[in-house]
Amino acid sequence: MTTTGTATAHQELTDEFNPFLAMAKRFEIASDRLGLDPGLRDVLRTPDRELSVSVPVLMDDKTLKVFTGYRVQHNWVLGPCKGGIRFAPDVNLDEVRALSAWMTWKCSVVGLPFGGGKGGVICDPREMSKGELERLTRRYTASIMDILGPDRDVPAPDMNTNAQTMAWIMDTYSMHVRSTQTAVVTGKPLALGGSLGRHEATGRGVMISAREALKRLGMRPEDTKVVVQGSGNVGGIGALLMHREGYTITSLSDMYGSIHNPNGLDVPNVLEFLAEKGKLEGFPDAEAVPNAVQLELPCDVLIPAATENTITSKNVDKIKAKLIVEGANGPTTFPADSVLDERGVMVVPDILANAGGVTVSYFEWVQDRMGYFWTEEVVNSRLEQIMVKAFDEVDEVAKKHDVSLRIGSYIHAIGRVAEVYQLRGSFA
Ligand code: GLU
């Protein structure tokens, strides 16, 4: 069954671990600074459209199983909705709502002509075969395709989805509309209209953000110790690129545990080991550390690049880093923000720090629509320009309002969307 509706969920949320509430609290602070009127606040905070679908899938053992999927389009004032699709057992509507709103602000922070959207399917991909995942992806795509399209809503990879998932979405959509539509998703394989540099883009953006922040703190890469929570597309690639730039990466983690070497990990070897064994545990030349302890290890920079709610009121006091660069979406809870501010810890917020991925998604969409593809050097140098400009702009707004980079980024992002909304006017 398919339902559509307008969200009012932000009125009901109360707890620290609800990411939509975390987004809404920061939104209020930034809106106060911008002096936005209550009506406009309501428009910009509330998701434009929420779609919830039941997705029947024939499993390998011939049983029929029904999965639940979502696509939330938070706001399309700046352009087609843009944002990933995640497959995970704990996906829920408030999480997808928050992630879609963050996409609106993220696209705005870096100046892309996109609104924000996000999708998710409640499933455990580790327990599913490739065939089951393909059938799930195709049926989910067919169920949400009325609201997708290169000019409407353009998905991308997120947790547990990848270039192959995007290829299935592109093919399913194209088969239904009777023409090949490469620009309906980004993060595709290169052979299907993907972009060079897209796979590394989020990690590259994290590296650029860390570098810009460290410049302001007067620190050099060769004197900087970095702990990375995660080892996947964001954390693993971010760590690899930073290792190449001369940073000392002292710890990496996966869902099973963390590894630590205070003298620095050989990141290429760690990633090779991980690709071979499927987990970091047992990597020679490092000690094993429980994941909860990893965040509290001594370091200069902490890069949470796993999932939401990892820096909370429960562990924030024990964090030793001077700089936090949010590779993940929503890793810091709202109550933890003020503790970090009071302690003078600089935080490069998610909507800025991990915007490299969607920026190169934008390049991919542009290339698909032009039918003309760029070299990796062109992609990387345009990404560099956009990330540095966005960092400078956020820093300037934060200084002007005497607020953290997080609130500065919200002020910058919301101000831009509010301006465009007012110029377009409200359709009656
Ligand atoms: N899922 C990524 C994010 O959270 C990328 C989104 C995109 O490229 O559209 O930013």
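If you read the sequence from its start, that first residue is 1, and numbering goes on from there. We count ligands from 1, going down the list as the structure has it; atoms in each ligand are counted the same way. In this text, all values refer to a predicted model and were calculated from it rather than measured experimentally.
- For ligand 1, the polar-atom distance check against Met103 finds no nitrogen or oxygen pair separated by under 3.5 Å.
- The residue from Phe114, Phe27, Trp105 that alone fulfils the ring pair (Phe, Tyr, Trp, His ring centres under 6.0 Å) condition with His74 is Trp105.
- Under 4.0 Å is where a charged nitrogen must lie from a carboxylate oxygen, and between Asp171 and Arg138 at least one such pair does.
- Closest to atom 10 (O) of ligand 1, if we only count protein heavy atoms, is Lys106 NZ, 2.6 Å.
- Note on Arg369 versus Asp151: salt bridge recorded, some NZ/NE/NH1/NH2 to OD/OE distance being below 4.0 Å.
- When heavy-atom distances to ligand 1 are checked against a 4.0 Å cut-off, Thr202 has no atom that comes that close, whether in backbone or side chain.
- Near Gly83, meaning under 4.0 Å from any of its heavy atoms, are these atoms of ligand 1: 9 (O).
- Between the side chain of Lys65 and the backbone N or O of Met59, no donor-acceptor pair lies under 3.5 Å.
- Of the possible donor and acceptor atoms, one in the side chain of Asp350 sits under 3.5 Å from a partner among the backbone N and O of Gly330.
- When hydrogens are left out, the protein atom nearest atom 7 (C) of ligand 1 is Ala156 CB, 3.3 Å; that is the closest non-hydrogen contact.
- For atom 5 (C) of ligand 1, the closest non-hydrogen atom of the protein is Arg198 NH2, 3.6 Å.
- Lys82 NZ, 2.8 Å is the protein heavy atom nearest to atom 9 (O) of ligand 1.
- Dense packing is recorded around CD of Glu376, with more than 12 heavy atoms of other residues, nucleotides or ligands lying under 6.0 Å away.
- Using a 4.0 Å cut-off to heavy atoms of Lys118, the atoms of ligand 1 that qualify are 1 (N), 3 (C), 4 (O).
- Under a 4.0 Å heavy-atom criterion, Pro155 is not in contact with ligand 1.
- Under the 3.5 Å distance criterion, with hydrogens and angles disregarded, no donor-acceptor pair is assigned to the side chains of Thr161 and Arg86.
- Below 4.0 Å from some heavy atom of Ser361 lie the following atoms of ligand 1, by number and element: 7 (C), 8 (O), 9 (O).
- Of all atoms in ligand 1, numbered sequentially from 1 with element shown, those under 4.0 Å from a heavy atom of Asp158 are 1 (N), 2 (C), 4 (O).
- Using a distance-only test at 3.5 Å, with no hydrogens or angles considered, no donor-acceptor pair links the side chain of Tyr421 to the main chain of Ser426.
- Looking at Pro157 against ligand 1, only its backbone comes within 4.0 Å, counting heavy atoms.
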